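These notes are about the structure you will find just below.
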Amino acid sequence: MSMDFEKPLVELEEKMAELVKLNENEDVKFDTEIAELEKKMKSISKKTYSKLTPWQTVQVARHSQRPLIRDYITGMCSEFIELHGDRCFGDDQGIIGGFAKIDDVRVMLIGHQKGKTVEENIKSNFGMANPEGYRKALRLMKLAEKYRIPVLSLIDTPGAYPGLEAEARGQAEAIARNLMEMATLETPIVVVITGEGGSGGAIGIGVGDVVLMLSNSVYSVISPEGCASILWRDGSKAPVAADALKLTAESLLELGVIDEIIKEPSGGAHRSYSEALPAVKETILRHLEKLSKVSGRKLTERRFDKYAKIGRF
Amino acid sequence: MSMDFEKPLVELEEKMAELVKLNENEDVKFDTEIAELEKKMKSISKKTYSKLTPWQTVQVARHSQRPLIRDYITGMCSEFIELHGDRCFGDDQGIIGGFAKIDDVRVMLIGHQKGKTVEENIKSNFGMANPEGYRKALRLMKLAEKYRIPVLSLIDTPGAYPGLEAEARGQAEAIARNLMEMATLETPIVVVITGEGGSGGAIGIGVGDVVLMLSNSVYSVISPEGCASILWRDGSKAPVAADALKLTAESLLELGVIDEIIKEPSGGAHRSYSEALPAVKETILRHLEKLSKVSGRKLTERRFDKYAKIGRF
Amino acid sequence: MGWFNRSRSKPAAQGKTKSEDMWVVCPSCEAHVFKEEWHKGLKVCPKCNFHDRLTCHERVKLILDTGTWHELGGSVSTTDPLEFVDGKGRYADKAEAAKEKTGLNESVLTGRGKISGRRIVMAVMDFRFLGGSLGSGTGEKILRAATYALKHKLPYIVVSASGGARMHEGIVSLMQMAKTCAGIARLHKARIPYISILTHPTTGGVSASYAMVGDINISEPGALIGFAGRRVIEETIKQKLPDDFQTAEYLLDHGFIDSIVNRSEMKDYLMNVLRYWRAR
Amino acid sequence: MGWFNRSRSKPAAQGKTKSEDMWVVCPSCEAHVFKEEWHKGLKVCPKCNFHDRLTCHERVKLILDTGTWHELGGSVSTTDPLEFVDGKGRYADKAEAAKEKTGLNESVLTGRGKISGRRIVMAVMDFRFLGGSLGSGTGEKILRAATYALKHKLPYIVVSASGGARMHEGIVSLMQMAKTCAGIARLHKARIPYISILTHPTTGGVSASYAMVGDINISEPGALIGFAGRRVIEETIKQKLPDDFQTAEYLLDHGFIDSIVNRSEMKDYLMNVLRYWRAR
Ligand SMILES: [Zn+2]
Ligand SMILES: [Zn+2]
């Protein structure tokens, strides 16, 4: 579960656990040692996590224990009514969606679904959606527009599924149509990149009035591995590619592609759901509140301007 | 190719052909005999065709040589640009469509496609469309609305295809959505039942401002055979069912379900394309001309009222 | 499209609970259940969770706040546009018999009421009335209720239970598909919720019109939903259909149903969903 | 989404015509064709009807009335938002080289002109320019042309030829998908025609944005069109793909292309289609 660069810290953590256990059961107390170790851990932890490299960030973004859409639903929403199907072909599990309530705010929540177990991952195709997933998302967004509630889109995908059937049923068309329809959807759209923002598969539900990113999430036109194998003919150059692709939240904020970074707890969101999720929730609610005051027409005008100015001319 | 009730007439026709041939090659002339025979034929023809029973009309409507959508395109349109696909799953051949020009009038033509040869019929599934056929039709109708040209819909189907895959891909949904969308489509829709108007498969592209019927076409909620086998437990009672179902153009005009009957040449449209097609064309153009003066919004209001008042309350 | 040929399609589709004095036989799994338990359980089989048919009045009671139901369109009744006579007699007589048997004037009951205090308009079909078939009276009532919902800006809920078009009204029945959908289209344009509940069975011309175009399509476990009849399809494609074919679960998998809801939770589900609509 | 990994996907996809002095080898069927014949035939193979790549200028000449082309957005050029450097050097240098080689400022040429006297706005991609990849300059030009079409109420035609997103511009390239589609969305709302011509090859982020949402999607015989690369798919699903996979013909069958039009008939086709639009 731990990543390479975390090893020193993990070793200390293990030692600490031992000490704490000893402290409980024996007469001899290790209070000073524990205090010492705690201090050391904090320092190392700070060093380890304060400045992750882009490639390390990619690893955190993909961490097997990172909060997934079902965790956000459990952690942020007091209600989730899942809605199914694209009314045309199927009910994809790579993208799920439904009515959701966050505090008093009702939204249409859509997002990629990854799993933590093998079973879950097979069911959700590792977060790689098929065309019917994008079409289901569009249907739900249109329903949100009709019901005058905002759309909240959670992004976490390695990319749209590259399969024979997905191509046959129009992966390209499904993504393209969403891009077009989201541009003129007359209801607020808040997008949060929670983990991996993988290329067309991500932006396919990622056009919004506000685009937020968790501090250890990534968003890229291609995976670092893919980029490295193409440009350097060497997949092991992924760390170099990760660097070059400027896929971290900080870089994306600088590039004007995202609007705000949601800070994760030290070590990454997976280390403390109870710290990570409230921050995400608070940020979403703040933006929803602001957007709720803007008319549908005005929203689409602003959204157009937002995307029109990406790329500097 | 001839139907049972046509036999006496067909025999005379054959005799006539013989005489005409003799007349050419021999010295002895049969002019008087021919004139006589002609007179007789006219009289029998009038008797045969002037008052077809509903069941005989069903046979004419299904006649293997009856003009089909491709014949109407050839016979009425100076241009046809076929457009393909539902942008989702496939390109059904049970319903085709595209831009078409009738004299100076440009329309979006859609309609069921039957075939005359076995090959053609297999390709077009005997005019029984799949969900993607209805979805293609809807896409084209929406395009017509965007381009501000009227829709011309030609109906000729035994019914929507009752297949496993058709159900799986939502035959019911596809038809239902068309009914809903056609109700509020802001461009004129002229519907012509040219042959068989088979149930849900027909009305799936059959909601219009004006609904016309060729005089020997039929339009019914169920085939006479199906009705007979259900109500009388006896398929051979189809003629009785045909009578009871009031499926002829005349009955439908009385019931207020259609707006006008287009008269076919004596014996049926298949006996003379050159007479049948111009009449269809002229009637369509006349209605298109009238509808072209009505605004989109007004059209949808009138269309609503038209359907709201079917059934007498 | 007719409803007759459906009632013999499979055991579950019969839906008639053979009842004796003491107990009911589940039409799906044939379990024997005490009548009292059966009815207390809202006609849901405790063994297999099959949701048996409800009458329209039972459905109203299930979904609406007590005492809030007001019938609308009660003056609309069957008509006989074709003056139809079949092997067993006149349709008009058949319709009269159905009215007497059920106390209804058509295969649908329409009205307004409240769900947890929230005003709604509802139409509930009743399969006992000529197999819930779509007659011109049915269409008229469904459209009138839609128009009422539109005028008063109230959510519209339709509970379907139907074998499809009503053959005895011929083409006039078919036209009700277009007529009802025209009403739904107006609600859609006006951004008024339209929720469709497809109960066992919903097939033919009803599934191919208003029942399938809800903002949200809901069903109950095991309900039969489809366009063409099972037998017709098997004869056409010359092969056996899978067991779960045309069940609510099958339609959920294939993308046409948003949610399968247990009867006992239906009212809460509707209440929760309707709260997402922001009227204006 | 990148364009690099596509150029090796299959012989036809290479598109480069190995030319010697006298003749050209067809990249699809490898027939030897006299160079003069090849060019007179609009780079269409007389043996197999493969439609080889055209430069943007050749395309303009093919489609528009002589002398009616006026370039728009000529001031927009490549940018290097990531200051990208790969194994072989700086992207900025690469872009400069592409400019010198082609005489273009980006992978797309935009302008206005006339088709049989009818005014239109057109954007034509050129595969020679970094594989027709979607850079921020490309997106900017395509959007500006769309905005021009919107303002002047003129039909918009985009001829695509692209391997997809431009990796060297990273996320900024990806955003061009949303940016260009926002422009197309406005045309759609304003009821102004948008016609997409997908030529060989149109893949990745271009097929998954503006290229796929034409009122009418047109292609040329044999063109490669798809989202994911052939190799990626084969590695993912562990099976060989059918030969016609991702060809224009395959997409026609699967419902995504309205028409496959021979190059020699393209201008007439466009003229005929545009006449169906009633401007207001
Ligand atoms: Zn049971
Ligand atoms: Zn060749």
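Quick caveat: nothing in here was measured; it's all calculated off a predicted structure. Hydrogens, waters and symmetry mates are skipped; everything else that's a heavy atom, side chains included, is used.
- When each of C:I257, C:I218, C:D253, C:N217 is checked for heavy-atom pairs under 4.5 Å with chain A, C:N217 comes out on top.
- Close approach to chain C, defined as a heavy atom under 4.5 Å from one of its heavy atoms, is seen in A:E79, A:I81, A:E82, A:L83, A:H84, A:G85, A:D86, A:R87, A:C88, A:F89, A:G90, A:D91, A:F99, A:A100, A:K101 of residues 79-104 of chain A, taken by number.
- Heavy-atom pairs under 4.5 Å with chain A peak, among C:N272, C:V213, C:L252, at C:N272.
- Crowding of C:K153 atom NZ: a count of heavy atoms from other residues, nucleotides or ligands under 6.0 Å not exceeding 12.
- Within the 4.5 angstrom heavy-atom criterion, only backbone atoms of C:L187 (N, CA, C, O) approach chain A.
- Against chain C, the residues from residues 125-146 of chain A that qualify, each with a non-hydrogen atom under 4.5 angstrom away, are A:R139, A:L143, A:E145, A:K146 in number order.
- The number of heavy-atom neighbours closer than 6.0 Å to NZ of C:K267, taken from other residues, nucleotides and ligands shown, is above 12.
- By the neighbour-count criterion of 12 heavy atoms within 6.0 Å, atom CD of A:E119 is sparsely surrounded, having that number or fewer from other residues, nucleotides or ligands.
- Proximity to chain C among residues 285-296 of chain A is not found for any residue, judged by heavy-atom separations below 4.5 angstrom.
- Residue-level contacts of residues 148-163 of chain A with chain C, in order of numbering, are A:R148, A:I149, A:P150; threshold 4.5 Å between heavy atoms.
- Nearest approach of C:R278 to A:R106, heavy atoms of both residues: NH2-O, 4.4 Å.
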